[in-house]
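Here is the structure we will look at, set down as structure tokens.
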Amino acid sequence: MTTTATPEKSRVTQARAFVADDRVRKLGGCLLAALVVALMTGPSGSLTSPTHGFRASLLSGRVVVFLVLGVALWGAIVGRDAIAPEVARASAVLRRFNVLRDSRSRYPAYAALLALAIVVPHLLSNFWQEVVVDQIGVYVLLAVGLNVVVGFAGLLDLGYIAFYAIGAYSSAYWTGSLPIKPPHHFNPFVSIIFAVLAAMVAGVILGAPTLRLRGDYLAIVTLGFGEIITIYANNLTSVTGGAQGPPKPVPHFSIDLFGIHYKWRLENLPYYYLLLVFVVVILVMFRCLENSRVGRAWTAIREDEVAAEASGVNTYKYKLMAFAIGASTSGFAGVLFASKIQAITPLSFLLQQSILVLVLVIFGGMGSLPGAVLGAAVIQWLPNGLRTYIKKEDLFLYLGALLVVMMIYRPQGVFPSRRRSRELAMAEAGMTTADAMSAPTAGEIQ
Amino acid sequence: MSAVAEPLAAQTPIADPIVTVDHITLRFGGVTSLSDVTLQQARGEILAVIGPNGAGKTSLFNSITGVYTPQEGSILFYPAGAPSTSVLGRKVHRVNKLGIARTFQNIRLFSALTAFENVKIGIESRQHTGPVGAMLRLPYMRREEREGDRRATELLDFVGLRARANELAASLPYGAQRRLEIARALGTQPQLLLLDEPAAGTNPVEKQELEALIRHINAEMGISILLIEHDMRLVMSVATRVVVLNFGKVIAEGRPTDVQRNPAVVEAYLGKPPDAPAEGGES
Amino acid sequence: MCLTHHFWGFFIPGLANGFLYALIALGYTLVYGVLQLINFAHSEVFMSGGFGGLFVVNWLIGDKHPSGLSSVWYVVIGIVAGAVIGAIVAFILERVAYRPLRRRHAPKLAFLISAIGMSYFLLSLAGKEFGRDSRTIKAPFTTTPTKPLFTFYGAPITVYDAVIAIAAIAMLIMLDRIVNATRLGQGIRAVAQDADTASLMGVDINRVIAQTFIVGGLLGGAAGFLFGLGTAGVSYTMGFTPGLKAFTAAVLGGIGNIRGAMLGGLLLGVIENLSLPCFGANWVDVVSFYILVLVLLVRPTGILGERLGRSA
């Protein structure tokens, strides 16, 4: 005698199967994401009316727009999944070979970008010129420097902005702006040397004992270091000027040699071109570094630290090198910043800033120099370009969400280096671990 | 009548050793991985270390290369034309710089790099270009770069991977990956090469190529080879001498044919024969 | 010496802080045990517990001035509300930020970065929706929270201190029971020791991990409410510094080690507060950060030793 399932039972199993179905889950995810975005972009609440933000964002007409966008996103995802096997097959064939010739074809693109970088600032309004110098220019430098630490060597430094602070305050010191006076006053250009040296030494001092720690502990220690520096900057009023910063303004750059007399002033363009020269030089140098013995050693360390050591690579030395180079670059950026803004306070050097630079590097692409530049440019442009739609205080709301989304869907960044894409694709397929943080320490092989 | 090898305490010291392991004991918490292990390898010799799984063979390798530091005993390395140095307590990359290179049981290549780049990393560990030279592309940096490229091509050729130089290491067939790992190790200019189960997982054709490669390395480059292997045919055909480990102790040592017949060795692998007298039991 | 006067006067509040740090530290240590991950966003779990308790208690108290038994009632409700909200946020955190990464075999770096992202996201969301000033929780006791219940060698012990101590001890005992005497606890310990083998033995890894986050969230959220009861109140940035200090406490005691987190929390709270008369309020935070840096450099396994898996 055969028993057939009763109609009610099959409905429950049907319901369960429906919810468990991959596409339904994706739809649910997209709709949820749409609601979150609606909330993020909606009006804010306040002390007295905490639910105002929720009600105005979610229980109003605008929600429908977001839900529709959510469904559209779902449609795109489902569509892409349908053709995914074909795409994967095609790209797998391409991935087998390292197409070295690619690097030649990039040069015209770089030349074009450089031309744009030279010409475009003239066409911008004063507001935008200031954004380009203060927010984009300096942060491009910071991102490129952090990229060496995080991207090339695979070390997460959450206290990166501390070196920026050290550079800025050093420059202030040697140009006589701090309450304590240096033995001799120097031209701001010359103070660059001292500032970079100070930042490098600080990098070595921090790195020497900590770089043998495993990755997550290294991140926390650097974070602690950053916090300690901020507190000292704030509290040692007689040395650093405390919370208000140096009492005298840091002088602008000036040249007084060989008959050339030029003083940079608050105008944006002269600073911009100075910054451009520095950034281009540093980019060229770092690119050479990347494709050299040093860059390859960093890649080996990132891929498999144990194998790298066994192949004669002094992993500790290379990590320290990356750390020191990153710190120096940060210090250098600090000088440029200080001499333009002239007034520095501990508020410019908070953990938030370190995280911001990290977002720039990750968004652009860890380990990718063009990625760091473009990532910095795009992310720093957004809050200014969209300032009529998005409030400035909400910046980290978007940055935080961006980090999470990037890590899940595009960890290699938006403009990745080919190598990093490969590493992550292999990790996803379970073939390797893709970074130094999860490599076992030397004592764990059987 | 058993063909027992010489009592190990009375091993005659070798005239020209490349490495001597002297009464080392390696412990991890409560587990003793190596117990009073002594062995010597002559310069230019191919010495095989065999034994059942868990016998301590890889621990021995790790001790020689500086990954682990035995609590007791000493390990001395005799680089040609230089005084002997102790390996104990040195960092792994320093041991490599002394002249000892290794491959891994589970193949540890840099997967997302090409074969060529993998070998270059080995070669570059002997170079000297630093960050300044690299950033400014100074002449000596460019010279070292050209030299490194040339040597990498040479080594890839030597192991038969010239045609696959630009392929990603992870996409190479298994046998090729093993050979690439050897090429990378050779790039570090070792005098002693430790191969950890190089034939594991390879098919008979690849095994033969490996056999030829090992002999080639030993004969052409004069590199002494210390080999862990389970494939007895390979061991018999390349090794000059064999050392047998079991439960962290050396139980036999001698020529391959002698060791093969040693009852202690047979027992270690297969257990006691069914008709052997039990301890203190019936005959 | 700066400590000879009023030693107990600084020790007692330090101990109270220490209990809070212990509760938060447990969240870090539990998650680190099963995932080997520093849950950077746990500080926001703490913060959301504070807000949760705040809203519920303020709404219930309204204009009343409770005393006696109803005070106890309100405190318990507040703790439960904070705990529940904390658990919910922790659960969401795991589902949204970490599980997708686990599915993709993401490198460890990715987890930490995602954690940082979630931390800032939650913090900014709270600031956006609830305003950027701090809010106080309406006193569930009629006596001013700062008037002492009794004194101990001349040091005042306030209602607030007593509440924290009692609540924290109760929760710690409950946690100890859960970890050592329930299947959930067994699952947590198994996954912490060897996730692959545990799953082969039939343990549902995803469920255990979710439950671990929930337990940590309950404790952290409760701590958030208790913290908010004090003078500082509740604000969207309240999570960062206590979170970092609690993490320091977890490492100090031995990461992954539950008793270690408890010990570390109490120790850190006391040390930190005892340094108040010596260094001044401006420098107190630096003491904790130095301890963090020093512990990680000198003895990263902590006082009681790192334990990834063995029972507490």
Side-chain angles (χ1 to χ4, degrees), chain A residues 39-40 44-48 50-54 150 154 156 158 209-210 213 215-217 219-221 223-225 227-228 231-232 234-235 351-352 355 358-359 362 366 391 393-408 411 424 427-430 433-438, chain C residues 32 36-38 40-41 51 54-55 96-97 100-101 103-135 240-241 244 247-248 251 255 280 282-286 288-294 296-298 300:
Chain A
L39 187 62
M40 278 168 68
S44 312
S46 72
L47 210 52
T48 44
T51 52
H52 170 75
F54 290 101
V150 173
L156 187 55
L158 294 178
T210 58
L213 292 176
D216 37 7
Y217 281 179
I220 297 292
V221 168
L223 191 146
F225 177 72
E227 290 301 295
I228 291 175
I231 294 180
Y232 273 105
N234 239 319
N235 287 354
L351 172 67
Q352 249 167 249
I355 303 293
L358 185 65
V359 174
I362 287 174
M366 275 190 280
K391 299 195 200 60
E393 316 85 75
D394 292 342
L395 176 65
F396 274 89
L397 188 64
Y398 295 96
L399 291 182
L402 183 65
L403 276 181
V404 177
V405 167
M406 292 289 309
M407 281 299 111
I408 298 176
L424 282 152
E428 204 167 317
T433 48
D435 78 329
M437 267 176 81
S438 41
Chain C
Y32 199 90
Q36 281 83 57
L37 158 74
I38 301 177
F40 204 87
F51 272 103
L54 166 88
F55 287 134
V96 168
L101 292 178
R103 252 210 308 267
R104 287 167 169 73
H105 308 292
K108 279 272 159 67
L109 203 64
F111 284 88
L112 194 49
I113 293 173
S114 188
I116 294 172
M118 276 309 270
S119 174
Y120 274 93
F121 177 76
L122 291 170
L123 183 156
S124 307
L125 191 63
K128 179 187 167 76
E129 302 298 330
F130 306 135
R132 296 192 158 88
D133 301 312
S134 72
R135 313 190 51 166
F240 178 68
T241 309
L244 197 53
F247 177 73
T248 304
V251 179
I255 196 84
N282 279 348
W283 293 100
V284 158
D285 288 348
V286 145
S288 299
F289 295 140
Y290 270 125
I291 292 180
L292 174 66
V293 171
L294 281 168
L296 286 178
L297 290 182
V298 171

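Note on naming: letters A, B, ... go to the chains in the order of the sequence lines (proteins, then strands), and numbering restarts at 1 for each one. It should be emphasised that the depicted structure is a prediction, and the values quoted were computed from it without experimental measurement.
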Working to the nearest 0.5 angstrom, can you tell me the gap between C:Glu129 CD and A:Met40 CE?
11.0 Å
Under 4.5 Å, counting heavy-atom pairs only, tell me which of A:Val359, A:Ile362, A:Ile355, A:Asn235 racks up the most with chain C.
A:Asn235
So do A:Met366 and C:Leu109 actually touch side chain to side chain, heavy atoms under 4.5 Å?
yes
Could you tell me the separation between the CZ atom of C:Phe130 and the CZ atom of A:Phe54, rounded to the nearest 0.5 Å?
4.5 Å
Between C:Leu292 and chain A, with a heavy-atom cut-off of 4.5 Å, which part of the residue counts as in contact: side chain, backbone, both or neither?
side chain
Run the side chain to side chain contact (heavy atoms under 4.5 Å, CB included) test on C:Phe121 and A:Val404 for me, step by step, so that the C-alpha distance in whole Å, both residues' side-chain angles and the decisive distance to 0.1 Å come before the verdict.
CA-CA 9 Å; C:Phe121 177 76; A:Val404 177; 5.8 Å; no
Heavy-atom pairs under 4.5 Å with chain C are the metric here; pick the option from A:Leu358, A:Ile228, A:Leu402 that has the most.
A:Ile228
Below 4.5 Å from any heavy atom of chain A, which atoms of C:Phe240 appear? Answer side chain, backbone, both or neither.
side chain
A:Ile220 versus chain C, heavy atoms under 4.5 Å apart: side chain, backbone, both or neither?
both
Apply side chain to side chain contact (heavy atoms under 4.5 Å, CB included) to the pair C:Tyr32 and A:Asp216, showing each step before the final yes or no.
CA-CA 11 Å; C:Tyr32 199 90; A:Asp216 37 7; 3.2 Å; yes
At what distance, to the nearest 0.5 angstrom, does CG of C:Leu112 lie from CG of A:Leu158?
6.5 Å
Examine whether an atom of A:Leu39 lies under 4.5 Å from a heavy atom of chain C, and if so say whether it belongs to the side chain, the backbone or both; otherwise answer neither.
both
Of all of A:Gly224, A:Ser44, A:Gly53, which one pairs up most often with chain C through heavy atoms under 4.5 Å apart?
A:Ser44
Relative to chain C, which segment of A:Leu395 carries a heavy atom at a distance below 4.5 Å: side chain, backbone, both, or neither?
neither
Could you go through the side chain to side chain contact (heavy atoms under 4.5 Å, CB included) check for A:Tyr398 and C:Tyr120 one step at a time?
CA-CA 9 Å; A:Tyr398 295 96; C:Tyr120 274 93; over 6 Å; no
The reported gap from OG in C:Ser124 to CD in A:Gln352 (rounded to nearest 0.5 angstrom) is 7.5 Å
Is the backbone of A:Gly215 close enough, under 3.5 Å, to the side chain of C:Lys108 for a donor and an acceptor to pair up by distance?
no
Part of A:Met406 within contact of chain C (heavy atom distance under 4.5 Å):
neither
Taking side chain as C-beta onward, heavy atoms only, is C:Phe289 less than 4.5 Å from A:Ile231?
yes
Return the option, out of C:Ile113, C:Thr248, C:Leu122, C:Val286, with the maximum number of heavy-atom pairs under 4.5 Å with chain A.
C:Ile113
Are any of the side-chain heavy atoms of A:Tyr217 and C:Ile255 separated by less than 4.5 Å?
yes
So for C:Leu244, is it side chain, backbone, both, or neither that comes closer than 4.5 Å to the heavy atoms of chain A?
side chain
Using non-hydrogen atoms and a 4.5 Å limit, figure out which bit of C:Phe111 sits close to chain A: side chain, backbone, both or neither.
neither
Between C:Lys128 and A:Glu393, does any side-chain N to carboxylate O distance fall below 4.0 Å?
no
Toward chain C, the part of A:Leu213 with a non-hydrogen atom under 4.5 Å
side chain
